[in-house]
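This report refers to the structure that appears directly beneath it.
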Amino acid sequence: MSTVSIDKAGPRRKVKYGSMSRDRAWALRWSYFFLVLFAIFSLTPPLYMLITSLKTSAEISAATNPWWIFHPTLANYVELLTSNQFLRFFWNSAMVSIVVVIVTMAISIPAAFALARMKFWGSATLATGVFLTYLVPDSLLFIPLFKVFAVVQEWTGIPLLNRWYVLLFIYPTLTVPFCTWIMIGYFASIPKELDEAAIIDGASWLQTLTRIFIPVALPGLIAATIFAFTVSWAQFLYPLVFTTSVDQLVLPVGITTTLIKGDIFNWGQIMTGALLGAAPPLIIYAFLMDYYIAGLTAGATKG
Amino acid sequence: MADVVVQRGRTARTASARKGASLHNALRRKSTVAFFLTLPLILLIALLVLYPAFYSAHLATLNKSMQKFVGFGNFTFLFKRETFWMVVKQSCIFAITAVFFKALMGFIVAHFVHNIPAKGQRKWRGMLLVPWVIPPAMSTLAWLWLFDPSYSAFNYTLSFFGIGPVNWLGDTFWARFSVILVNVWYGAPFFMIMYLAALKSVPDQLYEAAAIDGANWWQKIWYVTLPMMRNIIAITTLFSLIVTFANFDIVRILTSGGPLDQTQIFATYAFRVGIESSDIPLGASVSLFMVPILAVAAIFILRDVSKRGNEA
């Protein structure tokens with residue numbers, strides 16, 4: 001028993017004599033050593049983005065130490081943040097992501113509520129269907145979807161291809177199944193007594209949803225919102241297929257296609273753009289990491 | 001009580017009002033409410049996922065101008081192309097190797113994070129999860145710059161160790177190595193976080209019992225940790241296999257399939273053929289080859305998920 005207590009409290013106490021705690025201390029040192037190595041591996045690309053973004057093009061093309069900034073400058077940031085093109089990409093990305101988040105929540109919250117609580121004909125099949133849809137990748141659907149929207153455009157005369165708003169129809173195919181799936185998990189974990197009491201008190205189903213489920217499952221809702229946002233913000237394949245004009249592009253496609261001109265890579269600006277494109281998800285993550293992780297672990301494992 | 005009074009007042013009214021009341025009742029019925037709550041979801045899945053999926057199978061049977069039915073013509077054409085078999089091979093190498101290393105690295109890192117005192121874990125977890133948070137298209141650009149043939153930061157660093165310049169994206173072996181490396185970098189944090197959650201759910205008593213029985217470090221992992229985590233390892237690996245197999249961003253940005261289509265995988269090849277060469281039917285046929293593998297993985301995941309549901 002005594003060995004066990006030393007073992008558990010080991011890391012916080014000073015190292016005591018006895019083989020158990022000495023082993024423990026060494027295990028801890030090795031853990032930190034490898035964690036530092038893995039952290040370097042994880043953070044090298046984002047740090048290198050930052051380093052490059054602060055350099056002048058002259059310094060980038062000079063054969064000096066790439067890991068050090070000799071003449072730091074904000075010129076890349078100024079240039080990008082004052083260029084209409086870049087702001088346009090940013091605006092398109094923000095518009096698409098925010099609207100997609102709203103649409104996703106409007107579809108998936110009621111659906112998840114119905115699937116988690118109201119047993120109806122076909123509800124089990126539909127829940128399985130939602131899960132299977134969540135596994136259907138974008139790289140399987142982009143060709144038929146492209147053709148479908150081309151046909152719709154032909155029939156109705158509404159310009160859809162090469163318009164940023166076509167993405168508002170397409171992104172929910174990625175976000176809705178996923179968000180519904182994690183919301184089902186969260187709603188299912190709410191004790192039945194809560195909503196039974198509400199129904200007995202005469203609340204309608206909708207009131208039960210808005211007054212009880214949404215407030216109680218708020219952490220799950222936040223997690224789902226973050227996911228819908230990051231998925232829409234990061235999408236690359238669909239905008240690459242559906243938009244081509246410079247004023248219709250979203251950030252990832254805009255940076256990869258317009259800042260690279262032929263064989264000339266303006267790395268300072270590309271890295272600045274990439275960093276600014278990575279910033280919104282990173283900022284959200286910095287503040288809401290626990291929700292993000294809760295959503296991640298719930299989404300992929302909860303049955 | 002108030003509800004009953006309202007109902008009684010309503011029945012006393014005219015026939016049309018009664019009809020309204022029955023409609024009102026129908027709307028209050030559980031199945032009706034549920035139907036309307038799920039309707040947008042059903043429509044979305046049916047119109048934008050199911051329909052395109054089947055439409056894709058139809059497209060695959062047409063000729064390039066989409067005027068004529070050619071049956072399996074596109075598939076027989078693909079089977080005769082050497083490039084296609086290279087894509088099949090490369091997709092399998094890419095997915096299996098990347099998932100294996102992601103799982104291995106995730107497992108190791110999760111253990112190290114789990115090992116350190118709980119107070120510091122949050123900080124490390126936060127740093128190690130960053131690759132997963134950055135949009136892959138953005139981070140892959142950073143890798144592209146790190147691999148740059150003339151100004152490569154990697155080659156600069158390696159030159160200090162006397163290792164000659166490596167042609168990261170131009171040489172077949174190194175190009176394959178690079179796309180897998182970037183995919184592992186991007187995907188390992190997901191495994192790390194899933195395994196960490198699994199590790200935390202293993203009861204401490206089991207390790208205590210193992211320690212009393214004199215189990216060493218390796219025996220604890222083999223006889224306690226692995227059996228307890230088996231479910232999560234299986235489901236995470238299968239899920240990641242689907243995602244990695246269907247990956248597009250990393251290969252597209254890093255090599256666009258080059259050199260000589262040696263790093264082309266299903267998604268990038270389908271894009272190349274279907275959108276860039278505008279042979280939509282052939283592109284659809286290429287991406288359809290992902291279906292059997294996705295289906296097998298999905299069946300296994302689903303079996304696991306429903307088993308878990310039955311246990312709960």
Side-chain angles (χ1 to χ4, degrees), chain A residues 4 11-12 27-28 31 34-35 38-39 42-43 45-46 48-49 52 66-67 107 110-111 113-114 118 120 126 129 132-133 135-137 139-141 143-145 147-148 172-173 176 180 202 205 233-234 236-237 241 252 256 267 270-271 274 277-278 281-282 285 289 293 296-297 300-301 303, chain B residues 3 30-31 33-34 37-38 40-41 44-45 48-49 52 55-56 59 109 112 115-117 124 126-128 130-131 133-139 141-143 145-146 153 156 193-194 197 208 232 235-236 239 242 246 248-249 253 267 270 274-275 280 283-284 287 290 294 298 305 308-309 312:
Chain A
V4 172
R12 296 210 187 130
L28 201 63
S31 297
F34 282 110
L35 279 179
F38 283 120
S42 299
L43 296 177
Y48 198 55
M49 277 189 209
T52 312
W67 302 102
I107 297 177
F113 172 66
M118 308 163 88
F120 55 93
L126 187 58
L132 285 179
T133 320
L135 297 177
V136 176
S139 40
L140 191 64
L141 290 180
I143 288 177
L145 275 176
K147 187 70 188 136
V148 165
T173 60
V176 167
T180 309
W205 287 101
W233 189 270
F236 181 65
L237 176 55
V241 173
T256 47
W267 283 114
I270 295 173
M271 288 299 101
L282 275 176
Y285 166 71
M289 182 173 94
I293 289 173
L296 203 63
T297 42
T301 57
Chain B
D3 225 38
K30 198 167 101 173
S31 55
V33 177
L37 289 179
T38 47
L41 175 80
L44 179 91
I45 293 182
L48 291 171
V49 179
Y55 188 52
S56 180
L59 281 177
V109 180
F112 286 136
N115 250 348
I116 64 172
W124 287 101
M127 277 195 288
L128 293 165
V130 162
V133 181
I134 301 176
M138 305 283 95
S139 51
L141 282 174
W143 281 100
W145 174 217
L146 284 163
Y156 179 88
I193 219 72
M194 302 301 294
E208 287 164 15
I232 290 201
I235 208 166
T236 315
F239 175 72
I242 291 183
F248 175 80
D249 318 20
I253 293 178
I275 303 295
I280 289 184
S287 58
M290 287 192 282
L294 300 183
V305 166
R308 187 183 304 268

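Sequence lines set the chain letters: A, B, ... in the order given, protein chains first and strands last, and positions in each chain run from 1. Owing to the predicted nature of the structure, the values given are computational and were not obtained by experimental measurement.
Ring geometry for F34(A) versus F112(B): interplanar angle under 30°, hence parallel rather than tilted (30 to 60°).
Pairing each heavy atom of G277(A) with each of W233(A), the nearest pair is O-NE1, 2.6 Å. The two residues T52(A) and W267(A) have their closest heavy-atom pair at CG2-O, 4.0 Å. Residues P52(B) and L141(A) share a closest heavy-atom pair of CB-CD2, 4.1 Å. Residues M49(A) and M138(B) share a closest heavy-atom pair of CE-O, 3.5 Å. A pairwise comparison of heavy atoms in A267(B) and S139(A) identifies CB-CB, 3.4 Å as the closest pair.
Annotation: maximal heavy-atom pairing with chain B below 4.5 Å, among V148(A), L43(A), L145(A), L140(A), occurs at L140(A). Per-residue heavy-atom pair counts under 4.5 Å with chain B were compared for A234(A), P46(A), S42(A), A111(A), and the maximum is reached by S42(A). Options S31(A), A274(A), A114(A) differ in how many heavy-atom pairs under 4.5 Å they form with chain B, and the most are formed by S31(A). The choice from A39(A), P110(A), P281(A), P172(A) that makes the most heavy-atom pairs within less than 4.5 Å of chain B is P110(A). Between chain B and the residues P45(A), A27(A), P137(A), the most heavy-atom pairs under 4.5 angstrom are made by P45(A). Contact count against chain A (heavy-atom pairs under 4.5 Å) is highest for W145(B) among Y55(B), F248(B), W145(B). For the set A153(B), P40(B), S139(B), S31(B), the entry with the most heavy-atom pairs within less than 4.5 Å of chain A is A153(B).
Looking at L132(A), the atoms closer than 4.5 Å to chain B (heavy atoms on both sides) all sit in the side chain, from C-beta outward. For M127(B), the parts lying under 4.5 angstrom from a heavy atom of chain A are both the backbone and the side chain. Interface remark: I275(B) contributes side-chain atoms only to the contact with chain A (heavy atom separation under 4.5 Å). Proximity to chain A is limited to the side chain of L44(B), based on heavy atoms less than 4.5 angstrom apart. When heavy atoms are compared at a cutoff of 4.5 Å, L237(A) approaches chain B by way of both its backbone and its side chain. Contact of L59(B) with chain A is made through the side chain alone, with heavy-atom distances under 4.5 Å. Only the side chain of I253(B) comes within contact range of chain A, judged by heavy atoms closer than 4.5 Å. Heavy atoms of W124(B) lying under 4.5 Å from chain A belong exclusively to its side chain. For chain B, the nearby parts of M118(A) are the backbone and the side chain; heavy atoms of each come within less than 4.5 Å. For chain B, the nearby part of Y285(A) is the side chain; its heavy atoms alone come within less than 4.5 Å. Looking at L294(B), the atoms closer than 4.5 Å to chain A (heavy atoms on both sides) all sit in the side chain, from C-beta outward. Interface residue L41(B): backbone and side-chain heavy atoms are both found under 4.5 Å from chain A.
Note: I193(B) CD1 to L296(A) CG = 7.0 Å, rounded to the nearest 0.5 Å. Remark: I242(B) CD1 to L135(A) CG distance equals 4.5 Å, nearest 0.5 Å.
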Legend entry - Full working for side-chain contact (heavy atoms from CB on, under 4.5 Å) between T173(A) and V136(A): CA-CA 9 Å; T173(A) 60; V136(A) 176; over 6 Å; no
Legend entry - Verdict with reasoning, L37(B) to W205(A), per side-chain contact (heavy atoms from CB on, under 4.5 Å): CA-CA 10 Å; L37(B) 289 179; W205(A) 287 101; 5.5 Å; no
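Two residues are said to be in side-chain contact when any heavy atoms from C-beta on lie closer than 4.5 Å; D249(B) and P135(B) fail this criterion.
Judged by distance alone, with hydrogens and angles left aside, the side-chain atoms of S56(B) form no donor-acceptor pair with the main-chain N or O of P144(A) at under 3.5 Å.
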